[in-house]
Structures are given as C-alpha cells and as structure tokens.
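What follows is a set of notes on a single structure, which appears directly below.
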Amino acid sequence: MAKKLSDRGVFYSRDSGGKHETTPGEYVRWASKEANKYNLKFSGSASQIDRMIRKGLPFDGDIYFDYGVSGNQISRPALNQLFVDAISDPSITHLFIPKRNRLARPDDALDGVELENKISAAGITIVYQSNVVQARPRWKRRDLGDLLCAVAEFDQTGKFRLELGKAMIYSQIELTKGGYSAGGRAPYGFRRHLAKLDGTVIRELKDGEIVKM
C-alpha cells in the first residue's frame, strides 16, 4: 500500500468498567502532545471526551472511545467506526492508543495481534505510550521480534482481565456480606438492585442512585 500523503492523527481507547472518569481526559492530553511531536493535525481535547462520556457518544471528530465495553469484545461501536474511517479517509495516518490493553484484553492473544495487523495494513501507524507499530502493506511480513512481543503482551492483558474480574467479584461479595457498600458503579455485566435482607429484589437502581434506609 502506498504511503499516505497526509498528516492527521486520531485517538482510540476504551474503558470496560466506566470507573476511570478522569483517566480518558489524561489519555487525550497525551495524544495531543504526541501529535505535536509527529507534526500531525489532531483536534481532540479532554473536555470533548468528557462530553462524549456524558452523552454516550462512541466517536466524535478525532476521538473514538468505547465506554463500558469489555476488552474481549472484538466488535465495538467506536472501534468498528474507526476501521470504516481508516479505510475510507486517506488523511488518517496515525492512531494514538495509550496501551495495548486499551485496544484489547482478548481471550486469544492472536485476536489482539490481528487488530493491530488490520490497522497497520490500512496504512496507519499505531502509537502507544511504550512503543510504535509501523504501518505496513499486507504483503510485508511483520518483524518476528515485534510480533512475539505483541503476542506476549496481549496474552498478559487477557489473563489480567480474568484475574481482575474474579478479584472484583469476590471483594464485592465480601463487602456485601458484611453489610457494606460495594462502592461505585456495578462491574461490567452486572446491575445494582435494592433488596430486602432475605434477598428479595425490590427494584433496579438507576446509575449513580443512592438509597438511604
């Protein structure tokens, strides 16, 4: 694939639990600084991604953000739109992603590698905080050392997702048994309910709702 004669960068990230409200803004600030280093156009801002979270928008301008989406889901609103735009818009040459675990925490490490390959084959260079995956045509083989590092890192992120999920559930179970609040929003896949002492469910609680008994 011919090198694109353009100079635009876009940002992608995701947050599975929706509990890191301040972090997305910091990630976008990092992307803005990186864009300046590469002399790229990038219009994203911390206030923009905060607004996207409040309104539930998965993409807006140069920002693509899957909020409340688990890392093992390969098909996601923002990521899917990113691929559509990356293929159709020749001005996009760089993609800023904070860490590989923000791209995916896959059940199979090769799924994460395939996502990277798909992006780089579209002529886009992926810029992480710790490393860079250069754009390359599909016919060009990926450097073996880089490939092995990617497989190992995606494998670790997948294992961490499983262990973290178990730890969160066990911790909240113990807090609940002791009569304490588990705190924050419910983990991905769960809902908060108001219940009697015998376990009878009264109703589902709204996001952020606090009930004083």
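Basis for what follows: all heavy atoms, side chains included, without hydrogens, waters or symmetry-related copies. Heads up: numbering here begins at 1 and tracks the sequence.
- To the nearest 0.5 Å, atoms NE2 (His94) and NZ (Lys37) are separated by 13.0 Å.
- For the side-chain contact (heavy atoms from CB on, under 4.5 Å) test, residues two or more places apart in sequence or in another chain that qualify with Ser47 are Ser45.
- No side-chain donor-acceptor contact under 3.5 Å links Arg14 to the backbone of Arg76.
- Legend: residues meeting side-chain contact (heavy atoms from CB on, under 4.5 Å) with Lys196, ordered by chain and number and at least two apart, are Asp198, Thr200, Ile202.
- For the pair Arg102 and Tyr12, the cation-pi criterion (under 6.0 Å, within 45° of the ring axis) is not fulfilled.
- In the hydrophobic clustering (ILVMFWY side chains linked at under 4.5 Å, chained through shared members), Leu144 is joined by Leu148.
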Stepwise side chain to side chain contact (heavy atoms under 4.5 Å, CB included) test for Ile97 and Ser13: CA-CA 6 Å; Ile97 306 177; Ser13 189; 5.6 Å; no
Salt bridge (Lys or Arg N to Asp or Glu O under 4.0 Å) evaluation trace for Asp60 with Lys55: CA-CA 11 Å; Asp60 180 34; Lys55 294 185 176 182; over 6 Å; no
side-chain hydrogen bond (donor to acceptor under 3.5 Å, both in side chains) evaluation trace for Tyr38 with Asp7: CA-CA 9 Å; Tyr38 285 88; Asp7 57 355; over 6 Å; no
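- Pairing each heavy atom of Leu82 with each of Val10, the nearest pair is CD1-CG2, 4.0 Å.
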Working for side chain to side chain contact (heavy atoms under 4.5 Å, CB included), residues Leu95 and Val127: CA-CA 6 Å; Leu95 172 61; Val127 180; over 6 Å; no
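- Counting only distance, with no hydrogens or angles, the side chain of Asp66 and the backbone of Val69 share no donor-acceptor pair below 3.5 Å.
- Ring geometry, Trp30 versus Phe96: the interplanar angle exceeds 60°, so the pair is classed perpendicular (tilted spans 30 to 60°).
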Chi angles and distances behind the side chain to side chain contact (heavy atoms under 4.5 Å, CB included) call for Arg142, Val113: CA-CA 11 Å; Arg142 189 168 179 178; Val113 174; 3.8 Å; yes
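- The two atoms that bring Ala135 and Gly123 nearest to each other are CB-C, 3.4 Å, heavy atoms only.
- Here the shortest heavy-atom pairing between Ile49 and Val28 reads CD1-CG2, 3.8 Å.
- A salt bridge does not link Arg54 with Asp50: every distance from a Lys NZ or Arg NE/NH1/NH2 to an Asp or Glu carboxylate oxygen is 4.0 Å or more.
- Taking all atoms of both residues into account, the shortest heavy-atom contact from Gly71 to Ser16 is N-CB, 4.5 Å.
- By the 4.5 Å heavy-atom criterion applied to side chains, Arg141 and Leu147 are not counted as neighbours.
- Under the 4.5 Å side-chain criterion, counting only non-hydrogen atoms from C-beta, Glu153 is not in contact with Gln156.
- Qualifying salt bridge (charged side-chain N to carboxylate O under 4.0 Å, His left out) partners for Asp108, counting only residues two or more places apart in sequence or in other chains: none.
- Remark: Leu194 CG to Glu204 CD distance equals 11.5 Å, nearest 0.5 Å.
- In terms of the ring-ring contact (aromatic ring centres under 6.0 Å, His included) criterion, Phe83 has no residue partners (sequence neighbours excluded).
- At least one side-chain heavy atom of Asp85 sits under 4.5 Å from a side-chain heavy atom of Gln81.
- Distance CG/Asn131 to NZ/Lys99: 12.5 Å, rounded to 0.5 Å.
- Note that the CD atom of Glu34 and the CZ atom of Arg29 stand 15.5 Å from one another [nearest 0.5 Å].
- Side-chain contact between Asp89 and Val84 is absent, with no heavy-atom pair separated by less than 4.5 Å.
- Between the side chains of Thr23 and Asp15, no donor N or O sits under 3.5 Å from an acceptor N or O.
- Rounding to the nearest 0.5 angstrom, the gap separating the CG atom in Asp111 from the CZ atom in Arg105 is 15.0 Å.
- Residues passing the ring-ring contact (aromatic ring centres under 6.0 Å, His included) test with Phe65 are Tyr67, sequence neighbours excluded.
- A salt bridge links Arg100 and Glu116; the closest N-O separation between the charged side-chain nitrogens and carboxylate oxygens is under 4.0 Å.
- Annotation for Lys41 and Asp62: closest pair O-OD2, 4.4 Å, computed over non-hydrogen atoms.
- A distance of 6.0 Å separates OG of Ser120 from CD1 of Ile126, quoted to the nearest 0.5 Å.
- When all heavy atoms of Pro98 and Tyr27 are compared, the closest pair comes out as CG-CG, 3.3 Å.
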Check against side chain to side chain contact (heavy atoms under 4.5 Å, CB included), Thr125 and Val132: CA-CA 7 Å; Thr125 294; Val132 176; 3.5 Å; yes
